[in-house]
A.B. asks: 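What follows is a single structure, and I will ask about it in a moment.
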Amino acid sequence: MENLSTIERILAAKQSLPGALLPILHDIQDALGYIPPDAVPSIARALNLSRAEVHGVITYYHYFRQTPPGRHVVRVCRAEACQSVGCEALATHVQSALACEFHATSADGDVTLEAVYCLGHCAVGPNIQIDETTLHARMTPEKFDRLLAELRSKP
Ligand code: FES
């Protein structure tokens, strides 16, 4: 299985590093979009950890997904500077527009919604990020609705 060979390759490259678990989890998620639950036994074996320890780290960090993401990932910054300029109202609107909560995917599979705690552009909040690379500053509910319509119109 393709996922399995990707995981084995990442384990072989990183398992001997000190503190290898987090780099391995990041690499797997970068490669596959999530950490497949059936990867846990291989990771545990490679690092001489229990499955519970590996699972505990995956579930501790909201960043790690245990299911494949939607076609797009929207991250809403909910850290302090963005809070001071209305990110919580924006977050409520985004959840309503997508009809899903944080750490979930819209029913049509288009968008996975995640929270993030600072995107490094605090002076121009509220900020959201779409698909790892695209930052949108001074976000408003109206701007978000336009962006969402654009996202959904792409093939
Ligand atoms: S607090 Fe939102 S970008 Fe820093």
Side-chain angles (χ1 to χ4, degrees), residues 3 6-7 9-11 13-15 17-37 39-40 43-44 47 49 52-155:
N3 282 0
T6 299
I7 291 163
R9 178 178 47 76
I10 291 168
L11 288 173
K14 296 264 167 93
Q15 72 183 101
L17 297 177
L21 179 55
L22 284 175
I24 285 170
L25 294 177
H26 278 280
D27 282 6
I28 292 172
Q29 182 154 304
D30 288 348
L32 305 177
Y34 72 115
I35 316 282
V40 170
I43 299 168
L47 299 181
L49 297 170
E53 286 171 305
V54 175
H55 181 73
V57 170
I58 293 169
T59 53
Y60 179 79
Y61 293 101
H62 277 144
Y63 176 80
F64 295 123
R65 298 182 203 106
Q66 297 179 75
T67 54
R71 288 194 310 127
H72 301 283
V73 177
V74 169
R75 293 192 170 92
V76 178
C77 179
R78 303 182 82 176
E80 201 170 313
C82 284
Q83 279 179 26
S84 71
V85 288
C87 77
E88 285 310 305
L90 176 67
T92 300
H93 176 81
V94 169
Q95 289 176 97
S96 162
L98 294 172
C100 80
E101 305 202 331
F102 282 92
H103 313 294
T105 299
S106 59
D108 56 11
D110 272 347
V111 178
T112 295
L113 177 59
E114 296 181 343
V116 67
Y117 293 88
C118 198
L119 290 162
H121 288 73
C122 311
V124 291
N127 293 302
I128 71 167
Q129 184 185 37
I130 298 180
D131 294 338
E132 303 292 336
T133 50
T134 315
L135 189 86
H136 296 271
R138 296 197 169 97
M139 186 53 51
T140 64
E142 296 74 25
K143 281 167 77 173
F144 179 77
D145 289 346
R146 285 197 296 274
L147 279 172
L148 183 59
E150 277 174 36
L151 276 183
R152 285 184 157 153
S153 69
K154 289 180 186 167

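Both counts, for ligands and for their atoms, begin at 1 and track the order of listing.
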A.B. asks: What atoms of ligand 1 come closer than 4.0 angstrom to any heavy atom of N127?
C.D. replies: 3 (S)
A.B. asks: How close do A79 and C87 get, counting heavy atoms only, and between which atoms?
C.D. replies: O-SG, 4.4 Å
A.B. asks: Pull out every atom of ligand 1 sitting under 4.0 Å from any heavy atom of A81, numbered as shown with elements.
C.D. replies: 1 (S)
A.B. asks: Taking 4.0 angstrom as the limit and counting only heavy atoms of A79, give me the atoms of ligand 1 inside it, by number and element.
C.D. replies: 1 (S)
A.B. asks: Do me a favour and list the nearest non-hydrogen protein atom to atom 3 (S) of ligand 1 with residue, atom name and distance?
C.D. replies: L119 N, 3.2 Å
A.B. asks: How close do L90 and P126 get, heavy atom to heavy atom, and via which atoms?
C.D. replies: CD2-CB, 3.9 Å
A.B. asks: Should G120 be listed as contacting ligand 1, given a heavy-atom distance under 4.0 Å as the test?
C.D. replies: yes
A.B. asks: Is the distance from atom 2 (Fe) of ligand 1 to some N, O or S atom of C82 under 2.8 Å?
C.D. replies: yes
A.B. asks: Is C77 touching ligand 1 with its side chain, its backbone, both, or neither, if touching means heavy atoms under 4.0 Å apart?
C.D. replies: side chain
A.B. asks: So which atom in P23 and which in K14 form the shortest heavy-atom distance, rounded to 0.1 Å?
C.D. replies: CB-CD, 4.2 Å
A.B. asks: Which pair of non-hydrogen atoms, one from S106 and one from C100, has the smallest distance, and what is that distance?
C.D. replies: N-SG, 3.7 Å
A.B. asks: Which heavy atom of H121 sits nearest a heavy atom of N127, and at what distance?
C.D. replies: O-ND2, 2.8 Å
A.B. asks: List ligand 1 atoms under 4.0 Å from C118, heavy atoms only on the residue side.
C.D. replies: 1 (S), 3 (S), 4 (Fe)
A.B. asks: So do the side chains of F102 and R78 get within less than 4.5 Å of each other, counting heavy atoms only?
C.D. replies: yes
A.B. asks: Counting each atom of ligand 1 from 1 as listed, which ones have a heavy atom of H121 under 4.0 Å away?
C.D. replies: 3 (S)
A.B. asks: Determine the sole option in F64, Y61, Y63 for which the side chain to side chain contact (heavy atoms under 4.5 Å, CB included) test with L25 is passed.
C.D. replies: F64
